[in-house]
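Convention: sequence-line order gives letters A, B, ...; per-chain numbering from 1. As the structure is a computational prediction, the values presented were derived from the model and not from experiment.
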2 protein chains.
Amino acid sequence: MNAYTQLKKHNIKPSIQRIEIMNYLLTHRTHPSVDEVYTSLSKNMPTLSKTTVYNTLRLLSEQGAALMLTIDETRLCFDGDTSPHTHFFCKKCGRIFDLPLTESLAKQIGKIDEGHMITDVHYYYRGICKDCLTD
Amino acid sequence: MNAYTQLKKHNIKPSIQRIEIMNYLLTHRTHPSVDEVYTSLSKNMPTLSKTTVYNTLRLLSEQGAALMLTIDETRLCFDGDTSPHTHFFCKKCGRIFDLPLTESLAKQIGKIDEGHMITDVHYYYRGICKDCLTD
DNA sequence: GTGCTTGCAAATCGTTTGCAATAGC
DNA sequence: GCTATTGCAAACGATTTGCAAGCAC
């Protein structure tokens with residue numbers, strides 16, 4: 001799915017900036033922060049404003065075109081992959097890894113609500129990643 | 001379990017401030033923010049510093065005596081209940097609710113690691129709570 | 001030309017840091 | 001007395017806000 005289609009699908013009016021930001025999320029599965037998106041895109045879009053990146057990423061997550069991750073206590077990260085999966089945060093290097101969602105875990109989604117309306121599900125794991133363990 | 005015992009159990013040297021903060025968490029299951037703990041305790045401890053509340057809550061979560069919740073993007077919240085359960089965040093009123101951890105969900109914990117060392121598990125749900133839905 | 005989007009600068013506010021004062025063995 | 005803890009003020013930094021300029025239909 002390309003960026004333009006993804007925006008249309010979520011009722012977001014496509015602008016150059018929005019397409020570029022959505023495209024960045026779709027092609028970089030690194031769970032980037034606002035700053036990473038901004039720094040990377042501003043190389044080819046010198047007039048891009050960080051405010052626009054903030055606004056757009058928030059809009060994308062509100063409209064369900066991206067996930068806003070709060071697993072890193074120091075900054076918001078974003079994920080263009082909205083399919084169900086879990087996230088692992090390394091407390092040492094700060095990277096976020098994707099982990100698969102087991103079938104039985106997937107089945108739980110939406111089962112526990114107690115009358116609340118659940119719109120977002122996040123499964124977060126923290127610890128030390130494989131790479132940092134061997135250092 | 002009282003606050004003093006909880007601190008000793010996690011190798012935290014008990015001071016007046018630490019006992020009061022730990023006790024607050026154990027007696028208020030509202031997932032308070034730093035500010036809520038500070039504001040409430042400072043009524044009876046006028047010299048209490050917010051820095052101490054920050055330091056202590058961080059220490060408690062590092063030592064496993066409390067959970068640091070990052071479910072609310074705008075502030076850190078803390079939970080003195082370290083037993084396995086899930087959290088629901090209401091996007092409208094900002095409150096955090098406890099939800100039970102189903103047995104099959106509990107069984108997943110520690111199963112998906114892919115070589116990483118997992119130390120923390122958080123299951124977060126977001127949406128609109130029962131009370132806000134009826135408003 | 002009307003309404004939405006962008007971008008700059010300034011403000012905001014939760015959190016951390018530096019460091020001197022204090023308390024506890 | 002030595003070490004750890006506390007508390008104040010200042011710094012920090014991520015995010016938001018206000019508002020004017022720009023763009024699109």
Residue [X], side-chain atoms from C-beta onward, closest of [options]:
X	options	answer
Thr56(B)	dT16(C), dT6(D), dG14(C)	dT6(D)
Arg75(B)	dT6(C), dG14(C), dT17(C)	dG14(C)
Leu76(A)	dT15(D), dG7(D), dT6(D)	dT15(D)
Glu73(A)	dC8(C), dT16(C), dT5(D)	dT16(C)
Thr47(B)	dG7(D), dC8(C), dT15(C)	dG7(D)
Ser49(B)	dT15(C), dT6(C), dG7(D)	dG7(D)

Return the value, rounded to whole Å, for the distance between atom [atom1] of [X] and atom [atom2] of [N].
X	N	atom1	atom2	value
Ile12(B)	dA4(D)	CD1	P	16 Å
Tyr38(A)	dG13(D)	OH	P	17 Å
Tyr54(B)	dG13(D)	OH	C1'	13 Å
Leu57(B)	dG14(C)	CG	P	15 Å
Leu59(A)	dT6(C)	CG	C1'	13 Å
Lys13(B)	dC2(D)	NZ	P	16 Å
Asn55(A)	dC19(D)	CG	P	16 Å
Ile16(B)	dA23(C)	CD1	P	11 Å

Output yes when at least one side-chain N/O atom of [X] is less than 4.0 Å from OP1 or OP2 of [N], else no.
X	N	answer
Thr52(A)	dG7(C)	yes
Arg58(B)	dT15(C)	no
Gln17(B)	dG7(D)	yes
Ser15(B)	dT5(D)	no

So that I can tick it off, tell me whether Glu73(B) and Arg58(A) are bridged by a salt bridge, with the cut-off set at under 4.0 angstrom between side-chain N and carboxylate O.
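A salt bridge links Arg58(A) with Glu73(B).
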Taking the basic N atoms (NZ, or NE/NH1/NH2) and the acidic carboxylate oxygens, is any pair closer than 4.0 Å for Asp35(B) and Lys50(B)?
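The answer is yes: the pair qualifies as a salt bridge.
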Just to be sure I understand the rule, does Thr74(B) reach a base, reach only the sugar-phosphate, or reach nothing, if contact means heavy atoms closer than 4.0 Å?
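Since only primed, P, OP1 and OP2 atoms lie under 4.0 Å of Thr74(B), the category is sugar-phosphate.
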Determine the contact category for Lys50(A): base if any of its heavy atoms lies under 4.0 Å from a base atom, sugar-phosphate if only primed atoms, P, OP1 or OP2 are that close, otherwise nothing.
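Lys50(A): no heavy atom of the nucleic acid under 4.0 Å.
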Assess the side chains of [X] and [Y]: does a donor N or O sit below 3.5 Å from an acceptor N or O?
X	Y	value
Thr70(B)	Arg126(A)	yes
Thr39(A)	Glu36(A)	no
Thr52(A)	Asn55(A)	no

Relative to the 5' end of DNA chain D, which residue comes earlier, Arg18(B) or Asp35(A), by the nucleotide with the nearest heavy atom?
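Per heavy-atom nearest nucleotide, the more 5' residue is Arg18(B).
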Once you measure the plane-to-plane angle for Tyr24(A) and His28(A), does it fall in the parallel (<30°), tilted (30-60°) or perpendicular (>60°) bin?
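Judged by the thresholds at 30° and 60°, the geometry between Tyr24(A) and His28(A) is parallel.
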